[in-house]
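Keep in mind that this is a model prediction, so the values were computed, not measured.
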Amino acid sequence: MRLRALLDAGVPGIRLLTGEDELDRGVRGVMTTDLNDPSRYLSGGELVLTGMLWRSDPADSENFVRVLVGAGAAGLAAGITEVGPVPNDLVEACARHRLPLFMVDEEMSFARLTEFVVRRVSTERASDLTAVVDRHRRLVQAATGGAGLDGILGLVAADIDIRCWVLSLTGRQVAAGADPLDAELRTVLARAHLAARARRARPPYRERTAGRVFSMLPVDRDDGSLAAEQGVWSEWSLVVEEDVADWPEQRRGLLDELARLVAVEADRVEDNRRLGRRLAEDVLALLNSGADPGEIAARLRVAEPAAASPVTWQLVAAAVTVPGTPDDPQSAAPGSPPPTRAPRTAGSEAAAAAPVHTSSGANTAGRMARTLLEEALADLPSEALVAAIGYGAVALVPGSADGPGSSDDVAAELRARLAGLEGSAGDGIRLSLGVSAPVARADALRGALEEAWHAARIAEGRPGSFEVVGHGELASHVLVLAAAPEGVRRGFRDRLLSPLSAYDARHQADLVTTLEAFLDCDGSWTRCAARLHVHVNTLRYRIGRIEELTQRDLSRLEDKVDFFLALRLR
């Protein structure tokens with residue numbers, strides 16, 4: 001039953017003091033207590049009855065209400081027979097914690113109130129159970145009729161008032177039978193599911209948050225190889241806003257049926273993704289082998305969306321770091337060479353020619369990158385093709401030549417979607433994405449792939465867990481630097497800046513900062529001195545010391561350009 005029934009039914013001797021907006025909460029039972037901390041006897045969803053004998057001073061009200069909310073109580077009813085009127089501090093504490101509070105008059109005994117609630121709950125449960133068979137039939141009809149997951153979950157919500165959602169374990173909302181969950185709550189539920197899975201808890205998993213109770217059921221797939229191929233990140237979770245652990249067997253049967261229907265949809269989505277992966281692997285292998293552009297175009301034509309306008313393609317390169325795995329460069333044995341990662345390959349050709357790993361051979365990092373990239377690109381108007389490649393993944397995203405079609409549009413969309421995943425993929429996991437400009441010809445795909453990897457390399461240098469760099473952010477000098485081998489770039493930077501960094505460390509000087517400011521001010525002595533808050537003579541002394549240590553002349557354009565590039569490589 002709902003808390004509102006206490007008022008709608010005209011129960012004598014009970015009055016609402018606070019919490020009118022929370023009266024749609026479900027009540028699963030009644031518990032009478034005067035303990036300071038009754039949480040061990042609460043399982044969530046109870047109407048708590050109390051004579052307030054636990055209260056000796058106003059601070060007790062805050063503590064008591066906090067305990068009830070943490071245990072998932074649906075509401076509180078305070079009797080006035082023993083201690084008199086309900087104190088204001090209890091009303092205020094309930095209002096702060098959004099816990100509905102009722103006052104029970106002397107004429108209404110707790111025994112009568114308990115009997116009313118138990119009878120009402122039992123009647124509603126019996127009514128639910130008599131319709132279980134019919135609901136099973138309607139669910140199956142909705143599924144076979146093409147209603148989709150949203151329609152099926154909506155039917156459940158309308159028919160038996162069960163609010164449920166389907167989430168991926170990165171926090172993406174796949175389907176909703178009620179109002180959408182906000183990003184923060186999705187992240188909390190995804191983390192709780194992952195934590196329960198890690199400790200091998202028995203489903204359904206339960207999570208209390210913000211005064212609400214959720215149950216999470218893993219969606220089991222018929223294909224047992226999926227977990228080995230994709231890992232936990234490919235799984236879906238059926239989330240129900242109730243504690244289903246003590247539901248009757250018949251009611252749980254309805255939920256199991258719903259989970260099976262969700263699993264069918266998950267298998268369908270996975271089958272489509274497998275086809276896209278194989279096609280992406282074929283295209284990348286053709287690029288790697290230097291195949292004729294006509295052959296590549298023919299393969300892409302299979303995946304082109306039906307559209308009157310010409311199709312363009314953008315490439316998204318993804319590099320991932322998974323701490324603690326054999327593929328993590330930080331986990332390598334001392335003295336062993338670091339693994340070759342596609343975003344750190346020596347030059348553009350190597351980036352384009354990085355080995356493509358098929359579904360069965362991709363390493364942990366590659367599978368992780370592929371799954372997270374598929375999550376970030378899910379539900380686009382046109383399905384992206386994603387393949388694992390080395391320590392990352394590559395996606396080919398179709399678009400319309402007549403549409404917005406800029407890499408910045410795709411990069412912005414990726415940033416918005418990944419913002420909801422921040423912190424949910426796991427501690428230490430980092431995903432760096434680079435987006436190429438749109439290309440309309442197959443012979444331009446290799447250059448777009450190199451461009452995407454260059455952008456991903458820039459994203460790797462940024463601090464966030466999920467970083468995206470679009471083509472529009474790549475200035476001409478950044479492209480030149482990204483094309484150079486790592487060893488060449490490192491040597492160039494160290495040759496120019498190491499003498500200055502060493503001098504700064506020994507003398508607590510600011511030569512590197514001074515050099516950067518001097519170049520940023522276009523060599524203007526007065527503007528640079530003002531920015532650094534030093535006298536012009538002090539600035540001249542520092543610039544002279546820089547030239548002496550590096551054997552360069554900052555009045556020469558060539559030396560200014562070299563210093564500018566070296567600073568951009570830090």
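Taking the ring-ring contact (aromatic ring centres under 6.0 Å, His included) definition, one finds that H535 meets it with nothing, sequence neighbours left out. By the side chain to side chain contact (heavy atoms under 4.5 Å, CB included) test, E184 is found to be paired with D182, residues two or more places apart in sequence or in another chain being considered. Among residues two or more places apart in sequence or in another chain, the side chain to side chain donor-acceptor pair (under 3.5 Å) test is passed with D553 by S555. Residues that satisfy the side chain to side chain donor-acceptor pair (under 3.5 Å) test with D443, not counting sequence neighbours, are R441. Take R208 and apply the salt bridge (charged side-chain N to carboxylate O under 4.0 Å, His left out) test, not counting sequence neighbours, and it matches no residue. Residues satisfying the salt bridge (charged side-chain N to carboxylate O under 4.0 Å, His left out) test with R545, not counting sequence neighbours, are E548. Applying the ring-ring contact (aromatic ring centres under 6.0 Å, His included) test to Y503 and every residue at least two apart in sequence or in another chain returns H507. Taking R552 as the reference, D559, D562 meet the salt bridge (charged side-chain N to carboxylate O under 4.0 Å, His left out) condition, with sequence neighbours excluded. Looking at residues two or more places apart in sequence or on another chain, you find no salt bridge (charged side-chain N to carboxylate O under 4.0 Å, His left out) involving R542. For the ring-ring contact (aromatic ring centres under 6.0 Å, His included) test, no residue two or more places apart in sequence or in another chain qualifies with F214. For S237, the side chain to side chain donor-acceptor pair (under 3.5 Å) test picks out H193, with sequence neighbours left out.
Contact check for R277 versus E374: side-chain heavy atoms found under the 4.5 Å cut-off. Proximity of V166 to V239: side-chain heavy atoms (C-beta onward) are nowhere separated by under 4.5 Å. Side-chain contact check for E241 versus V213: every heavy-atom pair is 4.5 Å or farther apart. R299 places a side-chain heavy atom less than 4.5 Å from the side chain of L286.
Look at R212 and E207 and you find no salt bridge, because none of the NZ, NE, NH1 or NH2 atoms lies under 4.0 Å from a carboxylate O.
Each ring-ring contact (aromatic ring centres under 6.0 Å, His included) pair with one or both residues in residues 270-303, not counting sequence neighbours, would appear here, but there are none.
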